[in-house]
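Heads up, the thing below is written out as structure tokens.
Just so it is clear, the model here is predicted, and its values are computed rather than measured. Heavy-atom basis, side chains included; hydrogens, waters and symmetry copies ignored.
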Amino acid sequence: KVDAADIPSFNVLCAGFPCLTANSLVCTDKGYKRIVDVVPGDTVLSHDGKFHTIEALMYQGTKPTYKIKTSGMVEVEATDNHKFYVRKKLTNGGRTFTEPEWKTVGEIMSDNEGTYMFGSPINKVEELPVWNGIKIWENQFNQKDVNELDMTDPTLWYILGRFVGDGWVRKQWKKGDKRALYSGIVICCNKTETEELKTLIGDKYSYTISHETTTDKFHLTNTELGYFAAQFGEGAGNKVIPGFVLNLPKDLLKEFIKGYEDSDGCEKDGIHRIASINTKLLYGIAHCIEKVYNVPCKISQTHKAGKRHIEGRLCNQSNSYRLEYREYNPKRSKHLVENDIIWYPISSIVENGEQDVYDIQVEETHTFVVNHSITHNCQAFSLAGKKLGFADETRGTLFFDVIRIAKHHKPEYMLLENVKNLANHDEGRTWNVIYNTIREIGYNVLSEPVIFSPHYLGIPQTRERVFIMCVREDIGTVP
């Protein structure tokens, strides 16, 4: 909590709420997604290692942001008042850490003693996916149910791992129908791996092999497998690790990791390395590895997007990344693994300019994982769910922090903003508390909240927000 006495005097107090930039990646049941792409009803991985439902996505305007880099993960971008789940390594020469707590980016930056660490939860669920099969046409008149995939089969998960690493869905198009029909999957392998892969598949799936110059392609002609594999996405830059994979029992998840690594990785001197242009995919794989081996991962950028010469040709190349891990955590590791959370040290925090920022509301826990780090809801008033408002001890009290600062400094003016739902939250009782509290500390304020949006001025953007204009009583009234 900020000490009001530590803040220099000021005449105008503006207050909003913390949030994350548009490209922040959130771990959902459908894989990592940009925060702007999540929708209510998706579920997200929370600090308890389980998935919980998203109740709302909220645009919070344009605000100054910071880029936070941890040792082992790609940066996360957030406002200075956004809270993360952290621990601090004390500067006593040993491995002594504080208990986990919630700290804002600003609070972390202002503390020069010790090294803070972001937490990443280890998934605690071990269950098989719920799969109800598919319907296929027996003939032009009749369909039949097909549900033959054995979710307990390690070979299935190894094959799916290889598919995610270097495979795609076989597609067919029915005349007059724009939707693709899936008829199976294709997975590639090095020619030196062909016999081993043939032995592994055995007679469990029908397949043919096409021979290319440097690779062999296994065409698995199983329609149900094609539809199941389609849930992982399409294309090297768009594939994800769905939540049902993160929830797998560890023995099956280990086979999935092995399949993926055999297709897109290598191991040398005990260090496993996996390359990809897709950070969403690597974050998901990192969660799988953390669960199976209870170890930290390192994700780093190896190449930036641009033109490069490849085999004598000038090609456009995307950003490239590499994931590294060991199957054990070295004693001298910078990371901490404890109580089903892996702690990654923060290496730097730098200004990141003004960005459009967003927040989501999560049922029950009010926490979610963004860019592999545990963070907290920062918005006290949402569009759905229990709508706890000020009863929410962690988030609702942000308003009273603003009031505490205003009461100490007595600025001439205050401008507060929040989501549109604040106007009628809890049948108007929340607004009554806000209005009466502002009046009690000596400010004039309109009796009804003001709702404003850029489209009111003819700007083609609808972003309705509540604005609360306050004027100190000795200055005058609100226009």
Side-chain angles (χ1 to χ4, degrees), residues 10-26 28 33-42 54-67 75-82 105-106 351-362 368 370-371 375 377-385 387 389 395 398-399 402 406 411-426 428 430-431 434-435 438 443-471 475-479:
F10 52 89
N11 289 326
V12 180
L13 172 60
C14 296
F17 290 83
C19 26
L20 301 154
T21 60
N23 288 324
S24 299
L25 299 177
V26 178
T28 78
K33 298 168 67 173
R34 295 196 314 154
I35 192 169
V36 293
D37 296 328
V38 302
V39 295
D42 285 349
I54 294 175
E55 296 176 331
L57 167 67
M58 296 159 287
Y59 173 70
Q60 303 286 46
T62 302
K63 298 181 181 180
T65 63
Y66 290 83
K67 183 179 291 186
E75 300 93 349
V76 57
E77 299 172 348
T79 54
D80 66 344
N81 52 354
H82 199 92
V105 174
E351 293 183 359
N352 191 47
E354 291 199 347
Q355 306 276 345
D356 284 346
V357 289
Y358 300 79
D359 193 20
I360 59 176
Q361 174 102 1
V362 181
F368 57 100
V370 60
N371 289 36
T375 188
N377 286 171
C378 297
Q379 183 55 265
F381 314 106
S382 70
L383 297 171
K387 301 185 179 182
R395 294 170 296 128
L398 290 173
F399 169 75
V402 172
E412 296 177 0
Y413 305 97
M414 292 194 296
L415 178 62
L416 315 180
E417 60 88 21
N418 208 289
V419 293
K420 177 185 175 183
N421 186 61
L422 178 64
N424 52 23
H425 181 271
D426 196 17
T430 296
W431 170 252
I434 290 173
Y435 174 81
I438 293 172
Y443 285 83
N444 288 317
V445 60
L446 296 178
S447 59
E448 298 291 335
V450 175
I451 299 175
F452 190 77
S453 170
H455 76 275
Y456 294 175
L457 300 177
I459 299 172
Q461 187 179 50
T462 302
R463 301 291 189 186
E464 292 185 310
R465 307 285 292 177
V466 162
F467 289 88
I468 307 170
M469 296 169 284
C470 314
V471 180
I475 301 295
T477 59
V478 178

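A donor-acceptor contact under 3.5 angstrom links the side chains of T21 and E77, judged on distance only.
In this structure the side chain of M469 reaches within 4.5 angstrom of the side chain of L446, judged on heavy atoms. Put simply, the side chain of D42 does not reach to within 4.5 Å of the side chain of V26, judged on heavy atoms. Contact of the Y443 side chain with the I475 side chain is not registered, since no non-hydrogen atoms from C-beta on lie closer than 4.5 Å. Counting heavy atoms from C-beta outward, E55 and P40 have side chains that stay 4.5 Å or more apart. With contacts defined as side-chain heavy-atom distances shorter than 4.5 Å, the pair V38/F368 does not qualify. When side chains are defined from C-beta on, V445 does not count as touching M414, because their heavy atoms never get closer than 4.5 Å.
Minimum interatomic distance between K33 and T28 (heavy atoms only, all atoms of both residues): CD-OG1, 3.4 Å. The minimum heavy-atom distance linking I451 with Y456 is given by the pair O-CE1, 3.2 Å. Nearest heavy-atom pair, P411 versus A406, reported as atom, atom and distance to 0.1 Å: CD-O, 3.5 Å. Scanning all heavy atoms of the two residues, the minimum distance from N444 to T477 falls at ND2-CA, 3.9 Å.
From I35, atom CD1 reaches atom CG of N371 across 10.0 Å, with rounding to the nearest 0.5 Å. Atom CG of L416 sits about 5.5 Å away from atom CD1 of I438, to the nearest 0.5 Å. Interatomic distance, CD1 of I468 versus CD1 of I434, reported as 5.0 Å (0.5 Å rounding). Between the OH atom of Y358 and the CG atom of L20 there is a distance of 12.0 Å, given to the nearest 0.5 Å.
Not one N or O on the side chain of T79 forms a donor-acceptor pair closer than 3.5 Å with the backbone of T65.
Aromatic ring pairs are classed by plane angle as parallel below 30°, tilted from 30° to 60° and perpendicular above 60°; the pair W431 and Y435 is tilted.
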